[in-house]
2 protein chains.
Amino acid sequence: METTQRTDQQRSADRRRRELLEAADRVVLRDGPGASMNAIAAEAGITKPILYRHFGDKGGLYAALAKRHTDALLEALRAALDAPAERRERVEATLDTYLAAIEARPQVYRFLMHPSEGGPQSDQGFDVGTHSTPLLRRMGEELAEVIEERVDLGPASHLLARAWGHGIVGMMHAAGDWWLGERPCSRAELVHALADLLWGRLAAAGDKLGGPAF
Amino acid sequence: METTQRTDQQRSADRRRRELLEAADRVVLRDGPGASMNAIAAEAGITKPILYRHFGDKGGLYAALAKRHTDALLEALRAALDAPAERRERVEATLDTYLAAIEARPQVYRFLMHPSEGGPQSDQGFDVGTHSTPLLRRMGEELAEVIEERVDLGPASHLLARAWGHGIVGMMHAAGDWWLGERPCSRAELVHALADLLWGRLAAAGDKLGGPAF
DNA sequence: GGCTACCGTTACCGCAAGTAACATGTAAGT
DNA sequence: ACTTACATGTTACTTGCGGTAACGGTAGCC
């Protein structure tokens, strides 16, 4: 029958697709996001047109590649976020999970967040904004849902939760990016600093003596 | 003498440079960051090699272009940040300044933050990560300095201030990006929501009833 | 054997970054 | 006035990438 054939082919195509993605992963992680389609094809032992048959265009390949890593990270974050613990513990665990992930595989992280600055030849890399934002956005939405679901924020809760979700994710991202670049302290210290910030320590701290007027 | 000559030529070269930058600005803001060097040269009424003589390569042009806008934005932020007012007022003013800036000129904003997604043809755009990060980084460092200088944070103040500086900037950026895309509320509302977050309202809020165990 | 469908290739197009080599105007040195 | 030197501009080219069209085997089915 046709259906069984179709599924067989589908199966084989899916396997091939996974192989290609793994090859692409290797190349991108080695050569940076500037990796050319030719290079990826070569790594996979085939030639360009096949890549295009599977992924449409370079953006398609990028998207597929990014989705794999993104999904993995999001799953880890969800676990930390949904753990049955006190709020601050959960927040710290989530921050730590994120930072641990980008610390463990900075190549992947840089690929997802800052494509096109990989190798020495920073020619035209992958299409960045179009595909890197989604990770932050998804994380923000996810966090927003958890906040709205768990925290009592009164009437404007929906708006607040979403603003906070995106804001907190951005905070985590920017601080993590800075930390990964300079390594100014241990992971735990950064987690603590950020949690303190979220816990209102900025508002609670006193003015420094000798400051300007007032 | 040679020196006077040099300065004269320098002057003329600088003027030319400024003209070229303005032309580049027009093109980039019109065609998106995918604008080709040819197009920019044409807009300026000259040809490619001249651009290369002035800016080295495309990254150089991008950097020069970004620096102009970045400097302008940073100056506005500094003003809001240094105003002689209470802390929360200053924070809100700074957030509002930033949001107002990206609201007023989204094209510029998108160019600085998310290059390479401009026009319908999202071919290879400018070199992104290499040059977009600096804005966030500079803002983070700037904010960190102000925090450390003004807020009494105890012994680990240097580290805390830097982590917070980058974190807060990241929060502002991510929330602003989301807000600019969806416009889910007024600017003032977002400012308020973010300031509330920084003021520890997340920690102070109660758990929602009917939540999971515990 | 012939037909179709798939997997793969070579060879090409278009286009953009970046460069080399050449032309020209203009100011100073003699 | 003639030459030298230099900045300014050009045309024409190379290289390399994304993307595609057209062709070539090789299985199964009739």
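Below, read A as the first sequence line, B as the second, and so on, with proteins coming before strands; counting in each chain starts at 1. Keep in mind it's a predicted model, so treat the numbers as computed, not measured.
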Review point. Closer to the 5' end of DNA chain D via nearest nucleotide, is it A/Asn38 or B/Pro49?
Key: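 Its nearest nucleotide lies further toward 5', so the answer is B/Pro49.
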
Rounded distance (Å) that lies between atom [atom2] of [N] and atom [atom1] of [X]:
X	N	atom1	atom2	value
B/Met37	C/dA17	CE	C1'	8 Å
B/Lys48	D/dT10	NZ	P	12 Å
A/Asp57	D/dG19	CG	P	5 Å
B/Leu51	D/dG9	CG	C1'	12 Å
B/Glu19	D/dT8	CD	P	12 Å
A/Tyr52	C/dG8	OH	P	17 Å
B/Leu61	C/dG18	CG	P	10 Å
A/Leu20	C/dG8	CG	C1'	12 Å

Check your understanding: Any side-chain N or O of A/Arg53 under 4.0 Å from OP1/OP2 of D/dG19?
Key ->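 For D/dG19, OP1/OP2 do not have a side-chain N/O of A/Arg53 under 4.0 Å.
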
Check your understanding: Do the side-chain N or O atoms of A/Thr47 get closer than 4.0 angstrom to the phosphate oxygens (OP1, OP2) of C/dT9?
Key ->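 The answer is yes; a side-chain N or O of A/Thr47 sits under 4.0 Å from OP1 or OP2.
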
Check your understanding: Do B/Asp82 and B/Arg78 sit within salt-bridge range, that is, some charged N less than 4.0 Å from a carboxylate O?
Key ->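 Salt bridge absent between B/Asp82 and B/Arg78.
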
Point to revise | Six-ring centre of B/Trp164, B/Arg162 cation under 6.0 angstrom, axis tolerance 45° | key: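 So B/Arg162 doesn't make the cation-pi contact.
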
Check your understanding: Are A/Arg187 and A/Trp179 in a cation-pi setup, meaning NZ or CZ lies under 6.0 angstrom from the ring centre and within 45 degrees of the ring axis?
Key ->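 Relative to the ring axis of A/Trp179, which defines the angle, A/Arg187 lies outside at least one limit.
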
Point to revise | Pair B/Leu77-B/Glu142, side-chain contact (heavy atoms from CB on, under 4.5 Å): steps then yes or no | key: CA-CA 10 Å; B/Leu77 289 179; B/Glu142 202 97 16; over 6 Å; no

Exercise for review: Between C/dA17, D/dG18, D/dG9, spot the one nearest the side chain of A/Lys58, thanks.
Suggested key: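 Per side-chain heavy atoms of A/Lys58, the pick is D/dG18.
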
Point to revise | Parallel, tilted or perpendicular: rings of A/Phe111 and A/Tyr62 (30°, 60°) | key: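 If you compare the ring of A/Tyr62 with that of A/Phe111, the planes turn out tilted.
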
**Study point:** DNA chain C base-pair string [pairs: Watson-Crick or G-U under 3.5 Å; |: paired with another strand]
**Key:** ||||||||||||||||||||||||||||||

Review point. Contact class for A/Ile46 (heavy atom, under 4.0 Å): base, sugar-phosphate, or nothing?
Key: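 Sugar-phosphate, backbone atoms only, no base.
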
Check your understanding: Near A/Glu75 CD, under 6.0 Å, is it more than 12 heavy atoms from other residues, nucleotides or ligands?
Key ->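 It does not: A/Glu75 CD has 12 such atoms or fewer within range.
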
**Study point:** Test side-chain contact (heavy atoms from CB on, under 4.5 Å) applied to B/Leu135 and B/Met113, step by step
**Key:** CA-CA 8 Å; B/Leu135 172 55; B/Met113 296 298 193; 3.5 Å; yes

